[in-house]
Amino acid sequence: MEGILNTLTNFISADVRTAVPLLLCALGLVFSERAGIVNIAAEGLMLIAAVSAAIGSAYFGPWGGALLAAISGLAGALIFTFFTITLRANQIVVGTAFNIFAAGLSVTLNRRFLADVTVTGYPLRAIPGLSQLPFVGDLFFNWQLLVYLTFLGVPLLQFVLYRSNLGLKIRASGEQPRACDSVGIKVNRVRTGVVLFSGILAGLAGSYVSLGQASTFIEGMVAGKGFMALAVCVFGNYTPVGAMGAALLFGAADALKYRLLTTELGSYYQFLNMLPYLITIISLMLLSHRSNKPAASGKPYIKE
Amino acid sequence: MKKQLTVLLSGLLLLSSLAACQSGSSPSATTTTATATTAEAEQATTADSAAATTAAAESSQTAAASEEEIDASTLKVAAIFGGAINDGNWNETQYNGLKQIEEEGASIAYLENVGDTDAAQAARDYASSGYQLIYLTTNSYQDYCLPVAADFPDTTFVSINGTVNQDNYISVRIADEQQGFMMGLIAALLSESGKVGFVGGLEINPIKLGSSGFQQGVDYANQNYGLSVEAKRINTGSFTDVNQAKETAISLIEDGCDVVTPMANDAGVGVMEAAEEKGATAIASGIGQETSAPTATAVTVVKDVAVAYTETFKAYRNHTLSGSSTVETFGANKGVVYLTDWLTDASQEVKDRVTEVMDQLANGEIDIDLTI
Amino acid sequence: MNQNAKQFRFKSELKQLLLPLFSLVLALALGYLTMLLMGYDAAKAYQSLWQGIFGSRNAIAESLVQTTPLIFTAISYALTYKAGLINLGGEGQLYIGAVWGSVLGSRLSGIPVWLHWILIFAAAFAGGAIWGAISGLLKVRFKASELITTIMLNYIALEWVSFCVTNLPFKDQTAGAAPRMPTVVDNVKLSLLLPKTRLHSGFILALLVLLIYYLFMWKTTKGFELRVNGQNPNAALYAGMPVKHNAVLAFALAGGTAGLGGIINILGLQYFLTEGFASGLGFSGVAVALLGNSQPLGILLAAFLFGALNAGGIRMQTAAAVPSAMISMIQGIIIFFAVSPYLLSWIGTQLISGRNRHNLSLQNQLPPESAQLAMTTDRGKSDPEKSR
């Protein structure tokens, strides 16, 4: 019995560790997608944030890391909005360019600032009392601060998106930009706002890759997590709660993969590595009939 | 209008390019002429290299006559890396080797993160800009760079882990399997649970050799010290995804492995962190990896490829680099594979056994099977 | 077309050409500054970049070598883009095509070479086409976002390639060989266009495919249908076109083209498939297609720009010791500016905004033609096709 429980808690912990950065980034993407912006720069934003977080942590401690990551995410998002909203360039190609740029920048920053320093990861914050509970204590109440915040953010953002005036404006900007304009909503301002917000979240997500999952920065360590976050956003049907489900399902697929690696199947690791991607595709198939994809997704809005 | 312009232009371009290749636009025609040119080129190359060999022979004769060491400051040395020079492992030790060559007075240059296909172009670039000695840091460059070596007979190419030794292309073999063997042996000796884990990166030959060596190291311990330790070896398919390496190591530990070892360049740090967090023992395989697991690291089995650099450079200066038909192996015998001081208090018996086997390896008394 | 309109059109053609040029210059200037800031010899870097692109016969050949596969992945994106779909899966399609082609290319050594070529190309095209069509099918049958499925299929393809180069029955079984697929047989290797360089006749094939892309998209009914779907899906539906069928077809053709690109790089340059041999080609192809406005000539020029930057980038590293990271940054900056059609007018607005900020909206500064560069911006409105 204890063995089974142990296996289960281990499994869920692995699930959460993988899911957190995807979810955090996807929460921001849900908002920018809803406002009509397709942000494939998420990968690059996370990469730059991951190195910024490591630099901040090395020189000012973990809090400094989080702050610097958020700032770098914001700065990256500013570049993205300048080109896609102000200059109305194609969102996909600006995202692609940003990712290429970010790959170079992260290496440059790493070499310059992280050669001979020690990076401290985010510390675990056990919640007094609750974390002492058998099994569930360690599972739910012994994580880094950012993990609690991420999961608390889900209902909050769900509320903002669906129950607040702001959420209405955001969703309207993605569905009916022209109608929005006619009732006085400044579409491009709303869009800029959400992209900046999603930049901050992508930044924090990146910081969790270098300070939460590990306590170091390695060039190329984001390894597609930004794209996975985008997939999580779509396959969570563009809602925060959906994204949480999707991220946890994805994390579970990943956790399962690692457990299967230790069995005889381990020599076919390539097929195990495919698991999360296959599950994403299958889930998209199953979700087909109720899509919240905004009508004006990916299209720049030009005021007439 | 615009459409027509585009048609016209594309048409013109196509025509002109076809005209440029001159020998006719039908594929078969192109092929025949091209085969001819290739044949010509081959002839030319053979002639070239023949001339080069005589030249080289002459120069080595004169050198042998004068026995004069080449002044390091007159030399330009380049290296082409497949990964990042700060990976704490394979590439970093080689970069250190290059740095030591610089300290001896040579001027150096390097390229990192070079894909296999681009390596040929990079090698050609260095060779044509006057670099006399070019290090190719991974065996996957070999197929692309052999033709370059043929085109530049005056440049010497040193292929780390290459398999070919001819004229100006010299291969040295790094004994990856010895590093794996020692890691396996130590892991087996330290294990209490009877299960030890190995996390490899990309499934390339050096890693496969290391992995096979690990298994043989564990087997050796089982046979000679009456143990029954099981080795679990996993490849992740990545040298950079730290989280993947870490989660893999965690699941190995949760599966019962109490000693884990990485051989995954950059990503190896993840394995060290997993051991530290989950209270397992780790055996490090790269420089500085122990800082990621200060309490968990037992010892580091270093594979310091820099030694191969300084030795080959010295040989080059003394005109002794070339000629030998067998590829030289750099392992424990040359001080490429060695152990650092122990960081945890293993029993004296374990330490003695490890030292003994290490010596045997260095003296060539242990045969490791190299089939992968 | 009256005289005025002609003149206007000529002017805007000129503008279309000047705009990317201006962006390029601006981006290079920014790159220059960045390099200076980081303490590199920027002048020497650009000098060696130029040398690496045009400096010698070999340099030009290398630029074209790097251009070749980009043409294929760019067409792969452009074709679906014109049909109103997003295909970020060029890389995966290229790999699958290369795997299928390599399997045949390393076998069947006895048969006539022309037949062998046909079989190899057919296999590569089919492999890529099937891989692409999966996204198309998922799109029309399940409304699954092709943006996501193509990226996922890229990852799956990469894992599959990783399996093929390390496992039987696909891997090269030569003793001591690095992980790879077997070398293709000698007589199917593509001939060199310039002896003693690496420029192979795959470049001619790329131009040929570009021409076919043009003829198909602009001269056939199917191509017309695809473009209508891209410009106005409702109109396509209303006109009774087989919209769903066409979407799958577009993806299959796009995938097939990418697959051809993969096998051509194997037959002409690599001779055997290794893991990661096409790394980054997919996303660069996207940038090339958008930079080239999905037009054949534009794709050719943009692909050359990217290919040249790749080739010259190597020289920039060897001769001026500028690290590859710096080159990625400069490439990113170039794309940023090169795909921003409103850059000039934006700068204009900023400069005169002090005087009469309110009189100038960005929109009425622009001739209709340059709006086309924005691509997703109200597609069709400014398409030359429609003005006829």
Side-chain angles (χ1 to χ4, degrees), chain A residues 38 40 44 79 82-84 86-94 96-112 219 224 227-228 230-231 233-235 267-274 276-278 280-281 283-289 291 293 298-300 302-304, chain C residues 38 77 86 88 134 138 141-145 147-149 151-156 158-164 166-167 280 283-284 286-287 289-291 323-343 346 361-363 371 373-379:
Chain A
V38 179
I40 66 165
I79 298 177
F82 174 72
F83 286 102
T84 55
T86 313
L87 297 184
R88 303 203 290 268
N90 181 293
Q91 293 164 10
I92 302 279
V93 77
V94 171
T96 307
F98 190 86
N99 292 339
I100 296 173
F101 176 76
L105 182 63
S106 64
V107 172
T108 308
L109 292 175
N110 181 36
R111 301 286 166 87
R112 183 127 307 195
E219 289 157 18
F227 289 120
M228 286 316 300
L230 197 66
C233 165
V234 174
F235 128 52
S267 41
Y268 300 104
Y269 64 93
Q270 288 100 345
F271 294 100
L272 296 177
N273 283 344
M274 289 177 192
Y277 312 123
L278 282 174
T280 307
I281 291 178
S283 319
L284 282 180
M285 287 163 63
L286 299 177
L287 275 171
S288 62
H289 299 294
S291 178
K293 186 180 183 187
K299 300 186 178 76
I302 301 158
K303 205 171 162 174
E304 285 190 338
Chain C
M38 302 293 298
Y77 183 83
I86 299 172
L88 296 183
I134 294 174
L138 290 170
R141 179 72 185 78
F142 299 102
K143 290 184 189 156
S145 158
L147 183 83
I148 305 300
T149 56
I151 295 178
M152 297 299 114
L153 286 169
N154 276 345
Y155 288 124
I156 294 175
L158 283 174
E159 295 295 341
W160 172 242
V161 168
S162 161
F163 178 82
C164 287
T166 48
N167 286 278
F283 276 111
S284 300
V286 173
L290 290 169
L291 190 56
S324 60
M326 205 63 230
I327 291 159
S328 304
M329 285 168 69
I330 294 169
Q331 277 183 345
I333 294 173
I334 289 177
I335 312 173
F336 278 146
F337 286 105
V339 297
S340 304
Y342 297 102
L343 185 64
W346 183 80
S361 95
L362 220 52
Q363 184 67 7
L373 268 173
M375 279 135 334
T376 42
T377 317
D378 294 326
R379 243 183 261 141

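Because the structure is a prediction, the values reported are computed rather than measured. Side-chain atoms are counted along with the backbone in the values below, which use heavy atoms only and exclude waters and symmetry mates.
In this structure, chain A has a heavy atom under 4.5 Å from the side chain of C/Y77, while its backbone stays farther away. Heavy atoms closer than 4.5 Å to chain A are found in the side chain of C/I86, but not in its backbone. In this structure, the portions of A/V94 lying under 4.5 Å from any heavy atom of chain C include both its backbone and its side chain. Proximity to chain A is absent for every atom of C/I330, based on heavy atoms less than 4.5 angstrom apart. For a residue to count as touching a neighbouring chain, one of its non-hydrogen atoms must lie under 4.5 Å from one of that chain's; by this rule A/L278 touches chain C with backbone and side chain alike. Neither the backbone nor the side chain of A/F235 has a heavy atom closer than 4.5 Å to any heavy atom of chain C. Contact annotation for C/I151: only side-chain heavy atoms (C-beta onward) come within less than 4.5 Å of a heavy atom of chain A. Within the 4.5 angstrom heavy-atom criterion, no atom of A/R111 approaches chain C. Looking at A/T108, the atoms closer than 4.5 Å to chain C (heavy atoms on both sides) sit in the backbone and in the side chain alike.
Counting all heavy atoms, side chain and backbone alike, A/G224 lies closest to C/Y155 at CA-OH, 3.2 Å. When all heavy atoms of C/S145 and A/V234 are compared, the closest pair comes out as CB-CG1, 3.9 Å.
A centroid separation of less than 6.0 Å is found between the aromatic rings of A/F83 and C/F337.
The distance from the CZ atom of A/F271 to the CG atom of C/N167 is 7.5 Å, given to the nearest 0.5 Å. Note that OG of A/S267 is 9.0 Å distant from CZ of C/F163, once rounded to the nearest 0.5 Å. Here CG of C/L138 is found 8.0 Å from CG of A/L284. Values are rounded to the nearest 0.5 Å. Interatomic distance, CG of A/N273 versus CD of C/E159, reported as 4.0 Å (0.5 Å rounding). The CD atom of A/Q270 sits 9.5 Å away from atom CH2 of C/W160, with the distance rounded to the nearest 0.5 Å. To the nearest 0.5 angstrom, A/F227 atom CZ is 7.5 Å from C/L88 atom CG.
Under the 30°/60° scheme for interplanar angles, the aromatic rings of A/F82 and C/W346 are found to stand perpendicular. The aromatic rings of A/F98 and C/F336 sit tilted, their planes meeting at an angle between 30° and 60°.
Of the residues considered (A/T84, A/I79, A/I40, A/L105), A/L105 shows the highest number of contacts with chain C, using heavy-atom pairs under 4.5 Å.
The shortest side-chain heavy-atom distance between A/F101 and C/I333 falls under the 4.5 Å cut-off. Inter-residue side-chain proximity for C/I335 and A/V93 is flagged as met; some heavy-atom pair is nearer than 4.5 Å. The side-chain heavy atoms of C/V286 and A/I92, taken from C-beta on, include a pair separated by under 4.5 Å.
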>> side-chain contact (heavy atoms from CB on, under 4.5 Å) for A/I281 and C/I134? Distances and angles first, verdict last.
In response: CA-CA 11 Å; A/I281 291 178; C/I134 294 174; over 6 Å; no
>> For a side-chain contact (heavy atoms from CB on, under 4.5 Å) check, start with the C-alpha distance between A/T96 and C/L290, then their side-chain angles and the critical distance, and finish with the verdict.
In response: CA-CA 11 Å; A/T96 307; C/L290 290 169; over 6 Å; no
